[in-house]
Amino acid sequence: MSSVPVAVVTGSNKGIGFAIVQALCKQFPGDVYLTARDPGRGQEAVAKLQKEGLHAFFHQLDIDDLQSIRTLRDFLKEKYGGLNVLINNAGIAFKVHDTAPFAVQAEVTMKTNFFGTRNVCTELLPLVKPYGKVVNVSSMVSSSALKGCSKELQQKFRSDTITEDELVELMTKFVEDTKKSVHEKEGWPNTAYGVSKIGVTVLSRIQARMLNEKRKGDHILLNACCPGWVRTDMAGPKAPKSPEEGAETPVYLALLPSDAGGPHGQFVSDKTVQTW
Ligand code: NAP
C-alpha cells in the first residue's frame with residue numbers, strides 16, 4: 001500500500017475541475033487523480049496536462065453511477081488505504097433556453113448535483129484520512145435560491161439541526177412538486193440548479209457537523225464553496241473569471257495547512273466565509 005498523499009477531483013476532464021487538477025499537480029505533495037465519466041475525455045485531459053509537464057493519474061468516475069463510485073472507493077482503499085483530499089466538482093446545468101420541461105430539468109439536475117455528490121460523499125468520506133480536506137463545489141446561486149424560498153423552507157435550510165435524511169426528503173419533495181406543478185405554491189424558487197446547489201451547501205454543513213460529532217480528533221476540514229462566475233462550457237464565454245481563477249477558492253480550501261482550525265462547515269467564496 002502506498003503512503004503517498006492522494007487527491008481526487010470529480011468531473012475534472014474540463015472546466016473548473018480540470019483547472020483544479022492543474023493547480024494541484026503544481027502544489028499538492030502527492031498523487032492527483034483526474035476523474036471523468038468518459039475514459040476517452042479523461043485520458044485526453046491527462047495527456048493535455050502531460051504536454052504542460054504536469055502529471056495526473058486517471059480514474060473513471062461517473063457520480064450518477066453507484067457502481068462506478070464504489071469501484072473508485074475500493075481502488076483508493078486498496079492502493080492508498082484512503083484519501084487525503086476530495087473535491088466534489090462534477091455538476092450539470094441546463095442552458096437557459098433549453099426546452100426540456102421544468103420537471104425533467106429538476107429531476108436530472110438534482111440527480112447529479114445533489115444525489116450524485118451525496119453518493120460520492122457517502123462512499124468516500126469514511127476513507128478520508130486525518131487532516132484531510134473535503135471541498136464541495138456549490139454556487140452563489142445556492143444563496144440567491146435560498147432567499148427565493150418560503151420563510152419556512154429558509155428556516156429548515158439554515159437550521160443547525162437538520163439531518164441528512166430530512167435534507168434528502170426536501171430535495172425529493174422539490175422534484176415531486178415540480179412534477180405536480182405545485183413547486184412555487186409549496187415555497188420553492190423557480191430554479192432547479194439553484195435548489196440542487198442549496199442541497200450541496202446544506203449537505204456540507206451537515207457533514208461538517210457529523211465530522212465534529214464522530215471524528216473530532218481527525219481534524220478534517222469540509223466546506224462548500226463558489227468558484228465565482230467562470231468561463232466554461234457551463235457558464236459560457238461572457239463570464240469574467242478564467243477556469244484558473246475559478247479554481248483558486250476550491251484549491252485554497254483543499255490545501256489549508258494542517259494546523260488550520262478552519263474554515264469548516266462554511267460556504268466560502270473568493271476565499272471568504274459567506275453568511276448562509
Ligand atoms: P463544465 O465545464 O460543464 O464541467 C463540468 C464537469 O462535470 C465536466 O467534466 C463533466 O463531464 C462533469 N460531470 C457532469 N456530470 C457528471 C457525472 N455524472 N459524473 C462525473 N462527472 C460529471 O462546468 P464547470 O463550469 O467547470 O463547473 C464545475 C462545477 O462548478 C460545477 O459543480 C458547477 O455547478 C460549479 N459552478 C460553476 C460556475 C461557473 O460559472 N462556471 C459557477 C458556480 C458553480 P463531461 O465532460 O463528461 O460532461
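By convention here, the first residue in the shown sequence is residue 1. Atoms within each ligand, like the ligands themselves, are counted from 1 in listed order. Quick note: numbers below take in every heavy atom, side chains included, and nothing from hydrogens, waters or symmetry partners. Since the structure is predicted, the reported quantities are computational estimates derived from the model, not experimental observations.
Taking the six-membered ring where tryptophan is involved, the planes of F75 and Y80 are perpendicular, since the angle between them exceeds 60° and thus also 30°.
Listed by chain and residue number, the protein contacts of ligand 1 are G11, N13, K14, G15, I16, R37, R41, L61, D62, I63, D64, N89, A90, G91, I92, T112, V137, S138, S139, Y193, K197, P227, G228, W229, V230, T232, D233, M234, A235 (heavy atom within 4.0 angstrom).
The CG atom of L170 lies 11.0 Å from the CG atom of D165; values are rounded to the nearest 0.5 Å.
Side-chain contact, T10 with T35: no donor N or O sits under 3.5 Å from an acceptor N or O.
In the hydrophobic clustering of ILVMFWY residues, with side-chain heavy atoms under 4.5 Å counting as a link, L86 and Y252 come out apart.
Under the 4.0 Å criterion applied to side-chain N and carboxylate O atoms, K241 and E248 are not assigned as salt-bridge partners. Between D74 and K79 there is no salt bridge, since no side-chain N of the basic residue sits under 4.0 Å from a carboxylate O of the acidic one.
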